[in-house]
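Chain naming here is simple, since letters A, B, ... match the order of the sequence lines and numbering starts at 1 in each.
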4 protein chains.
Amino acid sequence: MAEARRDAERTRSELLAVATEVFAEEGFSGARVDDIAARTRTTKRMIYYYFGGKEGLYRAVLEEAYRGIREAERAIDVDHADPVDAIRALAELTFDHHVGHEAFIRLVAIENIHRGEFIRQIEGLRTLSQPAKGLLDEILERGRAAGVFRSDVDAIDVHLVISSYCVFQVANQYTFGHLFDVDLASPERRAHLRAALGDVVVGWLTAPAR
Amino acid sequence: MAEARRDAERTRSELLAVATEVFAEEGFSGARVDDIAARTRTTKRMIYYYFGGKEGLYRAVLEEAYRGIREAERAIDVDHADPVDAIRALAELTFDHHVGHEAFIRLVAIENIHRGEFIRQIEGLRTLSQPAKGLLDEILERGRAAGVFRSDVDAIDVHLVISSYCVFQVANQYTFGHLFDVDLASPERRAHLRAALGDVVVGWLTAPAR
Amino acid sequence: MAEARRDAERTRSELLAVATEVFAEEGFSGARVDDIAARTRTTKRMIYYYFGGKEGLYRAVLEEAYRGIREAERAIDVDHADPVDAIRALAELTFDHHVGHEAFIRLVAIENIHRGEFIRQIEGLRTLSQPAKGLLDEILERGRAAGVFRSDVDAIDVHLVISSYCVFQVANQYTFGHLFDVDLASPERRAHLRAALGDVVVGWLTAPAR
Amino acid sequence: MAEARRDAERTRSELLAVATEVFAEEGFSGARVDDIAARTRTTKRMIYYYFGGKEGLYRAVLEEAYRGIREAERAIDVDHADPVDAIRALAELTFDHHVGHEAFIRLVAIENIHRGEFIRQIEGLRTLSQPAKGLLDEILERGRAAGVFRSDVDAIDVHLVISSYCVFQVANQYTFGHLFDVDLASPERRAHLRAALGDVVVGWLTAPAR
DNA sequence: AATGAATGAGTGTTCATTCAT
DNA sequence: AATGAATGAACACTCATTCAT
């Protein structure tokens, strides 16, 4: 029984891992249930057994991906006394974090193509505290208290600036790179991009309020 | 003859218009050739006659969308003597422009899911000068000459910051909005977002170089 | 399980039997997958399940047809002490054999129209020993030893003469029959044709070498 | 007018020449009207204009091919006083003739797959005297009169033996060659095959009647 | 806990043919 | 004598899903 359960868990997680790859690569419509099954040691039938169908599998993938990314975000820590150093460090670590999770970013892009209809069905995802946001709140608070940060900016504003930059540079690298003839993924470009993001956030936050 | 040619043009462009909608809505794999045809006055057969197939149609949609957007960008003009006013205006007009072209942004996201494999096949798209970039170059030049802009930032850097922000706020509105419980598309939010972008760009560019 | 497997075998062989008929009748391009499926108790989908597609089904038909014909050839036996009697008997039995397998002859003609591209993909068909050829070798050997057969003729030569005659009289009966206003398939003609083949082979083999 | 007619004739014959190639290569069902048209300087529409459709074009191809082959056969002449020499020469020249007209042989095979349904619709093809047959009659007559040929064989019998051999060695070369691992089209094999046919016919005809 | 066989609705594509001029 | 545009039926093939055990 315990062994059966262990096998079951292995089957389930193998399916999930492969499905994550395939959905991230091909999108929801582009992914093939047969293809996913063929890449595992189980059969297609198990997808229905464990996840109810393609949509259930996709939802499970999405949920697991978000949980994993939150987990990883929790590792981001900046212990700088200086809020300016801290915010730059947070921006840059967030940048690194995105670079390392292209599959997740692709899944999010795919989910947005579907106007978020699946993420809305996942219970308890929203309540999953966003570690980065808590950190942001705290840094901003300190900066404002120290008089070095402008006061008309809140954590969501900053998070959106950082996220958009980090996501775009991964998600839109193909069209942007082609049109402007640059390779956004090259090490040199990445280093430049990373530093520039710190400049943007620091420059913005330390400027006087409008 | 002239009439036949006129009808041909109408058939072609009707197909293109409908396909743009459908591909933007459903993605490449999700779009159905039957569905596209059913929404026009012609038949599915004509897609093959004029575009060679689903892929050819998608490429034509992508190309036309880019050409259209470039055309629209050309209308963006900021005649402010002051480079700071000018750059803020450019950022905000770019913001407005993106808000008004969600279908295009979706197509670009879809194309990036496909890692840009189709855009690369379209000849002459890259040479289509990017009007916004020319304008940017000029404003940055003036700002640097006037000593109000930092000197370690070029047009591509600024374009990427502006683009990422504008694109993200449209493309990722569903997941971001859901997770943080905000409606990025509401008029008030949009006004706030728009102003914040100006602040970001101006604060960044007017800060001293690193 | 056993039953499922039995059903699978039935489905597969029913498909194969019907496909043999249809391909022999209509040729590869002329055969319709829908048509084949409609004549069975299963659906078109099963053709793809078991054979991968139209081409795979055609290959399976070709292979099974060749195996079947080899099986049938094995039944041909001539136990005549006299090599002259034996060779005549072999020629005439081969003739009968062809008359009874028009579908096979048509499949072979079709495959030759395709320049043998499919038969070349079937593994292990060539090694399937040709029973008739072994018999031929033996009869020729005996005849030569007895001094009644010429020595400048080998089994392949004789096989080609016999085969060409037998095949032609079935495969080309329609154009030949029309042009010369004879019915090659009538019982009287067949009897005449059969005897003539014996005469040809015996006359040829018993004549002195060139 | 004269010029228009000349153009018309050129269009028609170009279509016919290309169609002959395509039908011989692909069979009736396998041939594509679009493909035929694309290989000419005219358009698909002209096939309907001149031939009424695919079937009409195929019939025209078949008719023209038969007429051409009869024309070519007329060039076959054997002026040997000795009927044995004459019959061997006729067999061997017929062999050469077939080797040089593979496309025609393929068309005939295709037509037989269709059970001769199209050739039957062509008027006046049957009355087209078969030059080879006339010659055969005459040689056989002389041979019988001279007492060197058996008397129980008529021209059709001989014609069938010669035709079947000549046709088979071209038409079935792919499957026969593959199965027995010989190249029937190689120069050495062809020379052997050619001489063997002479041996067969001469051996048969000069043997005593059954 | 697992599975091989089966399925129906649909999916992109191609066909020979005709219309309108 | 010629043609570019258009067509509908058919075509080979694929999809996510369920059945029966």
For the residue pair A/Y66 and B/T175, establish whether any side-chain heavy-atom pair is separated by less than 4.5 Å. yes
Would you mind telling me which residue lines up with the more 5' stretch of DNA chain E, B/G52 or D/E55, judged by nearest nucleotide? B/G52
Using whole Å, what does the distance between atom P of nucleotide F/dA2 and atom CD of D/E14 come to? 11 Å
Partner nucleotide of E/dA1 by Watson-Crick or wobble geometry (both distances under 3.5 Å): none
Presence of salt bridge, B/E14 and B/R41, under 4.0 angstrom: yes
Provide, to the nearest angstrom, the distance between the CZ atom belonging to D/R45 and the P atom belonging to E/dC19. 9 Å
Rounded to whole Å, the OH-P distance (D/Y49 to E/dT17) equals 18 Å
Which part of the nucleic acid, if any, lies within reach of A/Y50 when heavy atoms closer than 4.0 Å are counted: base, sugar-phosphate only, or nothing? sugar-phosphate
Of B/T42 and C/R32, the one whose closest nucleotide on DNA chain F sits nearer the 5' end is B/T42
Length of the CG-C1' vector between C/D35 and F/dA9, whole Å: 16 Å
Atom CE of D/M46 and atom P of E/dA16 are separated, to the nearest Å, by 17 Å
For B/A31, report the nucleic acid contact type (base, sugar-phosphate, nothing); a contact means any heavy atom under 4.0 Å. sugar-phosphate
Using whole Å, report how far OH of D/Y48 lies from P of F/dA6. 18 Å
Going by atom types alone, do D/Y174 and C/E117 pair a side-chain donor with an acceptor below 3.5 Å? no
So do the side chains of A/R106 and A/H101 get within less than 4.5 Å of each other, counting heavy atoms only? no
Which residue lies toward the 5' end of DNA chain F, B/R41 or D/R41, if each is placed at its nearest nucleotide? D/R41
Looking at F/dG8, E/dA2, E/dT17, which one has an atom nearest to any side-chain atom of D/K44? E/dT17
Using whole Å, report how far CD1 of B/I47 lies from C1' of E/dT13. 11 Å
For A/F28, does its backbone N or O pair with a side-chain atom of A/K54 as donor and acceptor, under 3.5 Å? yes
Expressed in angstrom and rounded to an integer, what is the separation of C/Y58 atom OH from F/dC11 atom P? 19 Å
Of the listed E/dA2, E/dA16, E/dA6, the closest approach to the A/T11 side chain comes from E/dA2
Does any donor-acceptor pair link the side chain of B/K54 with the base of E/dT13 at a separation under 3.5 Å? no
